[in-house]
Amino acid sequence: MSLPQQLRDESDFDQLPDNIPVTATIADIEEKKGFIVYYRFVIEVKTKGNSKYLIYRRYRQFFALHQNLELKYSAEAQLGYYTCQLPTLPGKVFMGNKKEIAESRIPELNNYMKRLLCLPTWVLLDDLIRMFFYQTELDSQQVPRALRRLRPPTRKVKTVKPKTDLLSAPRAEAVFDFSGSGRLELSLKAGDVIFLLRRVNADWLEGTVRDKTGIFPESFVNIIKPLPEGDTDEEGGASKSGNRAQSSYSCLRCYLLQPEGIDTRDICVEEDLSIQPSYKDLLSQMRGVFQVEDIALNYRDPEGDLIRILDDEDVALMVQESKQTGSKVKRPVNQFPWELLVTHAKDLTVYNTEY
């Protein structure tokens with residue numbers, strides 16, 4: 001393996017463990033439709049011991065890493081710490097096409113990682129860097145797509161798609177028109193034949209129609225040929241692969257509380273159940289789901305009282321409390337253990353103010 005010159009010249013480099021990362025290169029970007037649409041970087045990491053693996057990181061994770069390293073190693077760091085010259089991280093961009101922004105960041109982030117991994121060995125041993133480049137269990141379960149930046153140029157070869165027996169495939173016919181409101185939802189017209197891929201939960205299916213794939217409510221279709229038993233993410237069942245990690249969707253139940261009644265929605269996002277979304281992302285998502293701007297986000301505490309969410313710390317508290325009480329409530333395995341209750345921002349009558 002060809003190591004960076006700075007590392008090869010260090011006499012103590014040979015003493016480092018084999019799992020220390022020595023190079024990292026962005027192989028591709030992937031669009032994810034989570035609580036917001038974002039792009040993540042697929043990074044190929046090579047270690048001193050000659051192993052290779054892929055990790056998946058968002059720009060916000062690069063930014064958090066850099067902030068923590070600056071607190072520890074910059075010239076303004078606390079006394080008692082070593083200091084070193086950290087590489088420059090490309091700054092945040094607040095406007096523009098997200099895909100174009102992600103693409104433009106690739107060479108800058110590659111250069112940032114190259115310079116970061118050329119720092120002195122005592123910096124490479126820091127847990128901040130080791131954990132950033134560590135392949136988590138979630139990383140190892142991801143299925144890489146094109147990895148176009150690692151792929152050598154080749155001439156195009158015409159491929160022949162295998163013929164499938166459409167009559168034996170699980171399928172359904174749309175009985176009503178359905179207009180998908182989210183980026184993951186599949187719009188249907190009455191009479192469409194949808195080829196079923198799997199069951200997302202008790203009420204939603206995933207399927208393909210007119211070369212588009214997405215999720216849709218089962219109540220809008222008539223099942224012609226059902227999915228085989230086991231092709232479900234319901235509690236007690238298994239997905240086609242038999243592994244929950246292969247499911248690409250997680251579902252969140254949310255409610256709009258208003259004087260005329262409660263509007264209940266299930267939204268599905270490409271996020272892991274363990275994620276802690278930001279307050280800003282949740283607020284944007286709920287505004288889009290219920291088509292109401294002046295709203296407040298809330299959750300119920302263990303005593304059943306409604307608690308208003310005002311910032312990321314409140315979101316963290318909601319997620320933490322749901323871990324403590326979630327085991328008492330039976331839910332599908334791909335449903336978030338916490339729920340959002342949306343109210344009009346000026347409506348304070350929903351809160352328990354008695355002491």
Is the backbone N or O of Y279 less than 3.5 Å from a side-chain atom of D312, with the two atoms forming a donor-acceptor pair by type? yes

Just by distance, do the side chain of R171 and the backbone of I194 share a donor-acceptor pair under 3.5 Å? no

Without swapping roles, check the side chain of R57 against the backbone of Q61 for a donor-acceptor pair under 3.5 Å. no

Under a 4.0 Å N-O cut-off, is there an ion pair linking R60 with D281? yes

Quick check: closest heavy atoms across C268 and I215, and the distance to 0.1 Å? CB-CD1, 3.4 Å

To the nearest 0.5 angstrom, please state how far the CE atom of M286 sits from the CZ atom of R265. 9.5 Å

Taking S140 for its side chain and E137 for its backbone only, find out whether a donor-acceptor pair lies under 3.5 Å. yes

Within the supplied structure, the quantity of interest is the number of heavy atoms (other residues, nucleotides, ligands) at a distance under 6.0 Å from K98 NZ; does it exceed 12? yes

Is there a chain of hydrophobic side chains (I, L, V, M, F, W, Y, each step under 4.5 Å between heavy atoms) that links F63 to I26? yes

Y299 vs E339, side chain to side chain contact (heavy atoms under 4.5 Å, CB included): CA-CA, chis, key distance, verdict: CA-CA 6 Å; Y299 71 96; E339 299 177 339; over 6 Å; no

Backbone N/O of A345 and side chain of R308: donor-acceptor pair under 3.5 Å: yes

Check for a donor-acceptor pair, side chain of D272 on one end and backbone N or O of I275 on the other, with a separation under 3.5 Å. no

Taking all non-hydrogen atoms of both residues into account, name the closest pair between L310 and D314 and its distance. N-OD2, 2.8 Å

Looking at every non-hydrogen atom in both residues, tell me the closest pair between A174 and V221 and how far apart they are. CA-CG1, 4.0 Å

Do T343 and N298 meet the criterion of a side-chain donor-acceptor pair at a distance under 3.5 Å? yes

Over all heavy atoms of both residues, which pair between V175 and A190 is shortest? Give the atoms and the distance, please. O-CB, 3.6 Å

Got a salt bridge between D126 and K72, using NZ or NE/NH1/NH2 to carboxylate O under 4.0 Å? yes

Does Y59 have R105 sitting over its ring (NZ/CZ under 6.0 Å from centre, angle to axis within 45°)? yes

What's the verdict on ring pair (Phe, Tyr, Trp, His ring centres under 6.0 Å) for W122 and Y73, showing C-alpha distance, side-chain angles and the deciding distance? CA-CA 11 Å; W122 48 266; Y73 296 117; 5.8 Å; yes

Less than 4.0 angstrom from a charged side-chain N to a carboxylate O is my criterion; do R253 and D266 meet it? yes

CZ/R115: more than 12 non-hydrogen atoms of other groups inside 6.0 Å: no

Taking atom types as modelled, find out whether Q142 and R40 have a side-chain donor-acceptor pair closer than 3.5 angstrom. yes

So, does S104 use its side chain to make a donor-acceptor pair with the main chain of E100 at under 3.5 Å? yes

Which pair of heavy atoms, one from L116 and one from L124, lies closest together, and at what distance? O-CD2, 3.8 Å

Apply the test side chain to side chain contact (heavy atoms under 4.5 Å, CB included) to residues S278 and V315: give CA-CA distance (whole Å), side-chain angles for both, the deciding distance (0.1 Å), then the verdict. CA-CA 7 Å; S278 70; V315 175; over 6 Å; no

Result for side chain to side chain contact (heavy atoms under 4.5 Å, CB included) between Q285 and one of I267, L297, L340 points to I267

Qualifying residue for side-chain hydrogen bond (donor to acceptor under 3.5 Å, both in side chains) with N19, from R130, Q135, K48: R130

Test ring pair (Phe, Tyr, Trp, His ring centres under 6.0 Å) on F336 and F35 and set out the steps. CA-CA 13 Å; F336 286 99; F35 290 102; 5.7 Å; yes

In terms of heavy-atom contacts, L205 and E218 come closest through CD1-CG, 3.9 Å

For a quick check under 3.5 Å, do S187 and S179 share a side-chain donor-acceptor pair by atom type? no

Between atom OH of Y38 and atom CD of E30, what is the distance when rounded to the nearest 0.5 Å? 10.0 Å

Partner set under ring-ring contact (aromatic ring centres under 6.0 Å, His included) for F41, not counting sequence neighbours: none

Can a salt bridge be assigned to the pair R198 and E206 using a cut-off of 4.0 Å between side-chain N and carboxylate O? yes

The test is side chain to side chain contact (heavy atoms under 4.5 Å, CB included); show your working for K99 and E31 and say whether it passes. CA-CA 8 Å; K99 183 176 182 180; E31 181 185 37; over 6 Å; no

Do side-chain atoms of N111 reach the backbone of P107 as a donor and acceptor pair under 3.5 angstrom? no

Checking F178 against F216 for the ring pair (Phe, Tyr, Trp, His ring centres under 6.0 Å) test, could you report, in this order, the C-alpha distance in whole Å, the side-chain angles of both residues, the deciding distance, and whether it holds? CA-CA 8 Å; F178 172 69; F216 58 91; 7.8 Å; no

I20 and L125: CA distance, side-chain angles, deciding distance, side chain to side chain contact (heavy atoms under 4.5 Å, CB included) verdict: CA-CA 8 Å; I20 287 290; L125 288 171; 3.8 Å; yes

In terms of side-chain geometry, is the basic nitrogen of R210 or D192 positioned less than 4.0 Å from the acidic oxygen of its partner? yes

